[in-house]
Amino acid sequence: MGTYFLDSSAIVKRYVVESGQSFVLTLCDPNQSHYLYISQIAFVEVVASLCRRTRENSITITDRDKLINTFRLHCQKVYGIQRLNSAVLTSASNLCRTHRLRAYDAEQLACSLQLRAKALANGVSAPTFVCADNNLISIASLEGLSIENPNNYP
C-alpha cells in the first residue's frame with residue numbers, strides 16, 4: 001500500500017491503451033489498497049485528452065463518452081482530489097519562475113508538493129509523483145519528489 005499523485009499524463013493511461021497502461025492499472029487496482037490523488041485541474045485535462053483522441057480517430061465518440069463517464073465516477077469515488085486554492089496557485093506561479101513549466105504542469109506539481117507537505121506534517125509517507133512527461137518528471141525530482149514514469153513499464 002502506498003500513496004500516489006497521478007498527473008494527467010498518467011491518469012489517461014488508465015482509460016486508453018498506450019505504453020505504461022499496465023503499470024497504471026496495477027496502481028489503480030483496488031486490491032492494492034493504494035491512496036490515489038489527482039489535481040482538480042485533471043478534471044479538464046483528462047477530458048481534453050480523450051476528446052483529442054476522438055478527433056485523431058484513435059477512439060470513437062461512444063468510447064470517449066464512456067471513458068469520460070468512468071473517469072468522472074472515479075473522481076467521485078476513487079481519487080482524492082487536490083483542490084485549487086490560493087496557496088497552490090501561488091506555488092505553481094513560483095515554480096514557473098524557477099523552472100521551464102507550462103501552466104497546468106506547474107499546477108500539477110504544486111498540488112503534489114502540497115500533498116507531500118501535508119503528509120510529512122502528519123508523519124505519513126510522502127506520495128510518489130506518477131507522470132509520463134520527462135520534463136515534468138525531471139523538475140519533480142529536482143523539487144525532491146519521489147517519481148515514477150509509467151512509460152518505464154511498457
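One is the number of the first residue; the rest follow in order along the sequence.
For the pair R116 (side chain) and G144 (backbone), a donor-acceptor distance under 3.5 Å is present. At distances below 3.5 Å, at least one donor-acceptor pair connects side-chain atoms of N149 with backbone N or O atoms of N151. Looking only at distances, a side-chain donor or acceptor of S93 sits under 3.5 Å from a matching main-chain atom of T90. A donor-acceptor pair under 3.5 Å links the side-chain atoms of S138 to the main chain of N134, judged by distance alone. In this structure, the side chain of T3 does not engage the main chain of P127 through any donor-acceptor pair within 3.5 Å. No side-chain donor-acceptor contact under 3.5 Å links D63 to the backbone of I59.
Transitive grouping of hydrophobic side chains (ILVMFWY, heavy atoms separated by less than 4.5 Å) brings L27 and V78 into a common cluster. No continuous path of ILVMFWY side-chain contacts below 4.5 Å connects L142 to L120, so the two sit in separate hydrophobic clusters. Criterion: ILVMFWY side-chain heavy atoms under 4.5 Å apart, direct or through other members. Under it, Y79 and L113 are not part of a common hydrophobic cluster. Following chains of ILVMFWY side-chain contacts shorter than 4.5 Å, one can reach L36 starting from V46, so the two form part of one hydrophobic cluster. Residues V88 and I81 fall into different hydrophobic clusters, defined by Ile, Leu, Val, Met, Phe, Trp and Tyr side chains chained together at heavy-atom separations under 4.5 Å.
Here the closest non-hydrogen pair linking A119 and A126 is CB-CA, 4.1 Å. What you find for A106 and L95 is that their closest heavy atoms are O-CD1, 3.8 Å. Listed here is the closest heavy atom pair of C131 and I137: O-CD1, 2.9 Å. Taking each heavy atom of A92 and A110 in turn, the nearest pair found is N-CB, 3.6 Å.
Through ILVMFWY side-chain contacts below 4.5 Å, V17 is grouped with nothing and stands alone.
Within the 4.5 Å cutoff, the side chain of P150 has no heavy atoms near those of the Q21 side chain. Side-chain contact between F129 and S112: present, with at least one pair of heavy atoms (C-beta onward) separated by less than 4.5 Å. No side-chain heavy atom of F43 sits under 4.5 Å from any side-chain heavy atom of R72. At a threshold of 4.5 Å between non-hydrogen side-chain atoms, the residues L145 and L109 count as touching. Within the 4.5 Å cutoff, the side chain of R53 has heavy atoms near those of the S49 side chain. For the pair I139 and L101, the minimum side-chain heavy-atom distance is below 4.5 Å. With contacts defined as side-chain heavy-atom distances shorter than 4.5 Å, the pair V130/F23 qualifies.
Rounded to the nearest 0.5 Å, atoms CZ (R102) and CG (N135) are 7.0 Å apart. In this structure, L67 CG and T62 OG1 are separated by 10.5 Å, a value rounded to the nearest 0.5 Å. Atoms OG and CD, from S39 and E45 in turn, are 7.5 Å apart once rounded to the nearest 0.5 Å. Taking CZ of F5 as the reference point, atom CD1 of I38 lies at 8.0 Å (rounded to 0.5 Å). Between the CD1 atom of I68 and the CZ atom of R64 there is a distance of 5.5 Å, given to the nearest 0.5 Å. Rounding to the nearest 0.5 Å places CD of E18 at 9.0 Å from OG of S58.
The 12-atom threshold is not exceeded at CD1 of I61, counting heavy atoms of other residues, nucleotides or ligands nearer than 6.0 Å.
With respect to the salt-bridge test (charged N to carboxylate O, under 4.0 angstrom), the residues R100 and D105 do not qualify.
Taking the six-membered ring for Trp and thresholds of 30 and 60 degrees, Y15 and F71 have ring planes more than 60 degrees apart, a perpendicular arrangement.
Judged by distance alone, the side chains of T26 and Q32 never bring a donor and an acceptor atom under 3.5 Å apart. Between the side chains of Q114 and S91, no donor-acceptor pair is found at a separation under 3.5 Å. In this structure, a donor-acceptor pair under 3.5 Å is absent between the side chains of E107 and Q40.
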Set out, in order, the CA-CA distance, both residues' side-chain angles and the distance that settles side chain to side chain contact (heavy atoms under 4.5 Å, CB included) for H74 and R14, then state yes or no. CA-CA 11 Å; H74 288 159; R14 183 174 188 179; 3.5 Å; yes
Just do the side-chain hydrogen bond (donor to acceptor under 3.5 Å, both in side chains) check on Q108 and Q82 with the steps written out, would you? CA-CA 9 Å; Q108 296 268 357; Q82 286 298 111; over 6 Å; no
The test is side-chain hydrogen bond (donor to acceptor under 3.5 Å, both in side chains); show your working for E148 and Y153 and say whether it passes. CA-CA 10 Å; E148 278 289 356; Y153 307 91; 2.8 Å; yes
